Protein chains: 2
Amino acid sequence: MLSISKRSQYGLYFLIFLAKSKQGKFFSIKKTAKILHLPYRYLSQIAKDLKDKQILASKEGSGGGYFLTKKPEEISILEIIELLQEPINLIDCEQNICEHKHNCKMRKIFLSLDNQMQTMLKDIKLTAFYD
Amino acid sequence: MLSISKRSQYGLYFLIFLAKSKQGKFFSIKKTAKILHLPYRYLSQIAKDLKDKQILASKEGSGGGYFLTKKPEEISILEIIELLQEPINLIDCEQNICEHKHNCKMRKIFLSLDNQMQTMLKDIKLTAFYD
DNA sequence: TTAAATTCCTACTAAAATAGTAGGAGTTTG
DNA sequence: CAAACTCCTACTATTTTAGTAGGAATTTAA
């Protein structure tokens, strides 16, 4: 099944939750995980990744938590997926080690498909998920 | 990495090979696997699947092998991928068990993306891979 | 100054999917 | 009858995904 990982899915849920919520507040993983019914420890890894990528910022300590660093309308799902699940790369040709050079029309075609997908995903921002 | 399985990739290689080759001939897995540098036993499973889906037909016994049942210009890579790797389903909502009903804007958006991908893949036929 | 609530860090584990391997039965042709 | 095939089914090894676990460091507020 060609699909998005849970990791990306959960990350997306979290970001959408933040996007819909009041700005300027901190949201703790523990509370948010409970609200969204997501596994706490797993979500905290994901949040950490998203912070390293600077889509999120955090404040430690009591009353701390995470918040978005950008406007929801500036965050695309491509960004999120590429961070949490590696790049979109429909066919993995492991850089030219492959023996099927005569078939590498295939590579070109799939690279073009990759680009089309990226374009599609780049155009969908967090705001698209508002009710 | 959001990508096509080896299974789909090998299946595609095999079908492209057949498409490019002389019609009316039988191609054995053993020989073709050698030519394409693909694992013999694995490829034979794949070929069997493709036969069950009726993209291929086969003849048993000495001198036998596989051949395409359709014209290359009628076989899309969507067909191949969907057979060998299950449907494209970017987000797997395991039919409404999910607790995020309030987020199911997500479901709609991803279903639409699925459709767009399917359309893209449906338009690419085996003939696109000729040199 | 201490307790509570948080992020941060790293290592481990369990489950599922993917990518094969293996052996031999049945079929067909020369 | 032997060789060259497909067909069938079961097993295995590897990799990826989806978590769990424990505690250090940080911050706030009582």
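Computed from a predicted structure; not experimentally measured. The chains referred to below are lettered A, B, ... by the order of the sequence lines, with proteins before strands, and numbering in each begins at 1.
Dashed line: the shortest gap from a side-chain N or O of A:S58 to OP1 or OP2 of C:dC8 is under 4.0 Å. Between B:Y66 and the phosphate of D:dC7, there is a side-chain N or O to OP1/OP2 separation shorter than 4.0 Å. Within the structure, a side-chain polar atom (N or O) of B:K59 is placed less than 4.0 Å from OP1 or OP2 of C:dT29. Put simply, A:K48 has a side-chain N or O that comes within less than 4.0 Å of OP1 or OP2 on C:dC9. Distances shown here put a side-chain N or O of A:K31 below 4.0 Å from the OP1 or OP2 atom of C:dT6.
Put simply, OH on A:Y42 is 9 Å from P on D:dT17, counting in whole angstrom units. Distance NE2 (A:H37) to C1' (D:dG19): 18 Å, rounded to an integer number of Å. Separating the CG atom of B:L56 from the P atom of D:dC5 is a distance of 17 Å, rounded to the nearest angstrom. As a whole-Å value, the separation of B:R41 CZ from C:dG23 P is 8 Å. Here the P atom of nucleotide D:dC7 and the CD1 atom of B:I46 are 14 Å apart, to the nearest Å. Taking atom OH of B:Y10 as the reference point, atom P of C:dG20 lies 4 Å away to the nearest angstrom. One atom, OH of A:Y40, and another, P of D:dA18, lie 20 Å apart when rounded to the nearest Å. Here C:dT7 presents its P atom at 13 Å from CG of A:L50, a figure rounded to the nearest Å.
You'll find the side chain of B:Q23 stays beyond 4.5 Å of the side chain of B:F67, heavy atoms only. A heavy-atom distance below 4.5 Å is found between the side chains of A:L90 and A:L2.
Using a 4.0 Å heavy-atom criterion, one finds that A:F26 contacts no nucleic acid atom at all. Here B:K51 lies in heavy-atom contact (under 4.0 Å) with sugar-phosphate atoms only.
Here the two rings, on B:Y66 and B:F27, have centers that are 6.0 Å apart or farther.
We find that A:K53 and A:D49 are not joined by a salt bridge, their nearest charged nitrogen and carboxylate oxygen being 4.0 Å or further apart.
Taking the ring axis of A:Y40 as reference, the NZ or CZ atom of A:K30 stays within 45° of it and closer than 6.0 Å to the ring centre.
Comparing C:dT29, D:dT26, C:dT21 by their nearest atom to the side chain of B:Q45 picks out C:dT21. Closest contact between the side chain of B:S62 and the listed nucleotides D:dC7, C:dT7, D:dA4 involves D:dA4. The side chain of B:I29 lies closest to D:dT6 when the candidates are D:dT6, D:dT27, D:dG22.
Sequence order on DNA chain C of the closest nucleotides to A:G61 and A:D52 puts A:G61 first from the 5' end.
A donor and an acceptor atom never sit less than 3.5 Å apart when one is taken from the side chain of B:R7 and the other from the base of C:dG20.
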